[in-house]
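Worksheet: the structure to be examined is printed underneath.
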Amino acid sequence: QVQLVESGGGLVQPGGSLRLSCASSRSMSSLYTMGWYRRAPGKQRELVATITSRGTTNYADSAKGRFTISRDNAKNTVYLQMNTLKPEDTALYYCNAISTDWLTYWGQGTQVTVSS
């Protein structure tokens with residue numbers, strides 16, 4: 001069983017930056033893939049970025065070039081560095097993990113609001 005706790009959300013001006021953190025209760029070595037998803041108002045949850053245990057990353061087109069996903073295995077934490085934020089990035093951001101035994105886990109979400 002894995003618990004995921006997100007943090008780092010908040011209110012930021014357009015063009016600003018935030019770094020989201022997702023702390024896992026389980027060793028990163030047992031998590032095959034971790035990622036960030038988001039749900040904007042009136043929209044369905046969508047993928048933002050993923051990273052595998054070997055460091056392979058994948059980004060949504062809307063995130064590529066602005067967002068960076070990374071892992072710190074020593075801290076059992078995955079990060080999402082978000083730069084050049086836009087109002088369209090406003091959403092509840094969820095951490096996701098897939099364990100090496102192929103179970104899926106979700107965090108409770110952290111709110112990101114981009115507004116002037």
Side-chain angles (χ1 to χ4, degrees):
Q1 196 170 8
V2 177
Q3 288 79 47
L4 304 173
V5 180
E6 303 100 330
S7 62
L11 176 64
V12 65
Q13 298 273 45
S17 299
L18 285 173
R19 188 180 74 161
L20 306 184
S21 299
C22 173
S24 171
S25 65
R26 182 180 290 186
S27 170
M28 299 290 282
S29 64
S30 69
L31 301 176
Y32 177 71
T33 302
M34 299 190 72
W36 290 94
Y37 292 71
R38 67 187 182 187
R39 184 183 62 80
K43 296 183 178 181
Q44 300 232 350
R45 184 179 294 179
E46 64 179 356
L47 181 146
V48 179
T50 61
I51 185 167
T52 71
S53 60
R54 296 186 178 183
T56 301
T57 58
N58 182 58
Y59 296 92
D61 288 343
S62 61
K64 193 172 297 183
R66 298 190 299 127
F67 295 1
T68 303
I69 189 169
S70 61
R71 300 170 69 130
D72 187 335
N73 291 342
K75 296 182 178 180
N76 293 340
T77 300
V78 63
Y79 302 96
L80 184 68
Q81 178 66 47
M82 304 187 294
N83 298 325
T84 320
L85 283 162
K86 304 174 181 179
E88 308 92 271
D89 297 317
T90 295
L92 188 63
Y93 284 71
Y94 296 90
C95 184
N96 167 267
I98 300 174
S99 65
T100 52
D101 53 351
W102 234 244
L103 299 178
T104 301
Y105 303 92
W106 293 94
Q108 293 180 315
T110 185
Q111 179 67 39
V112 171
T113 302
V114 184
S115 177
S116 59

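Hydrogens, waters and symmetry mates are skipped; everything else that's a heavy atom, side chains included, is used. Because the structure is predicted, anything quoted here is derived from the model rather than measured.
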- Taken to the nearest 0.5 Å, the spacing of Thr110 OG1 from Leu18 CG works out to 8.5 Å
- Message: Are there over 12 heavy-atom neighbours, none belonging to Tyr32, within less than 6.0 Å of that residue's OH?
- Response: no
- Query: Nearest 0.5 Å, what's the CG-OH distance between Leu80 and Tyr93?
  - Reply: 7.5 Å
- How many angstroms lie between CG in Asn96 and OG1 in Thr33, if you round to the nearest 0.5 Å? 8.5 Å
- Item | Closest approach of Trp36 to Leu20 (non-hydrogen atoms, all atoms of both residues) | CH2-CB, 3.6 Å
- Item | Connected via hydrophobic side-chain network under 4.5 Å: Ile69 and Tyr94 | no
- Is the shortest heavy-atom distance from the side chain of Ser17 to the side chain of Val12 under 4.5 Å? no
- Message: Is any side-chain heavy atom of Ser99 closer than 4.5 Å to one of Arg26?
- Response: yes
- Atom CD1 in Ile98, atom CG in Leu103: separation rounded to 0.5 Å? 10.0 Å
- Supply the atom-to-atom distance Met82 CE to Thr68 OG1, rounded to the nearest 0.5 angstrom. 11.0 Å
- Verify same cluster id: Tyr37, Leu31 (apolar side-chain graph, 4.5 Å): no
- Does the pair Ser24 and Val78 meet the rule for a side-chain contact (heavy atoms from CB on, under 4.5 Å), with working shown? CA-CA 8 Å; Ser24 171; Val78 63; over 6 Å; no
- Item | For Tyr79, the rest of its hydrophobic cluster, which grows through side-chain links under 4.5 angstrom | none
- Message: With a 4.5 Å cut-off on side-chain heavy atoms, are Thr90 and Gln111 touching?
- Response: yes
- Under the salt bridge (charged side-chain N to carboxylate O under 4.0 Å, His left out) test, which residues partner Arg66, sequence neighbours left out? Asp89
- Message: With a 4.5 Å cut-off on side-chain heavy atoms, are Thr84 and Phe67 touching?
- Response: no
- With a cut-off of 6.0 Å (strictly less than), are more than 12 heavy atoms of other residues, nucleotides or ligands near CD of Gln3? yes
- Is there a donor-acceptor pair closer than 3.5 Å between any side-chain N or O of Glu6 and the backbone N or O of Cys95? yes
- Query: What distance separates Met34 CE from Asn76 CG, expressed to the nearest 0.5 Å?
  - Reply: 8.5 Å
Give the table of side-chain donor-acceptor pairs shorter than 3.5 Å for residues 39-50, with sequence neighbours excluded, one pair per line with atom names and distance.
unit_1: Glu46; atom_1: OE2; unit_2: Arg38; atom_2: NE; d: 2.9
unit_1: Glu46; atom_1: OE2; unit_2: Arg38; atom_2: NH2; d: 3.3

- Task: Taking all heavy atoms of Pro14 and all of Ser116, pick out the closest pair and write down the distance.
- Result: CD-N, 3.7 Å
- Item | Stepwise side-chain contact (heavy atoms from CB on, under 4.5 Å) test for Met28 and Ser53 | CA-CA 7 Å; Met28 299 290 282; Ser53 60; over 6 Å; no
- Item | Distance-only polar pair, side chains of Ser27 and Ser29, donor-acceptor under 3.5 Å | yes
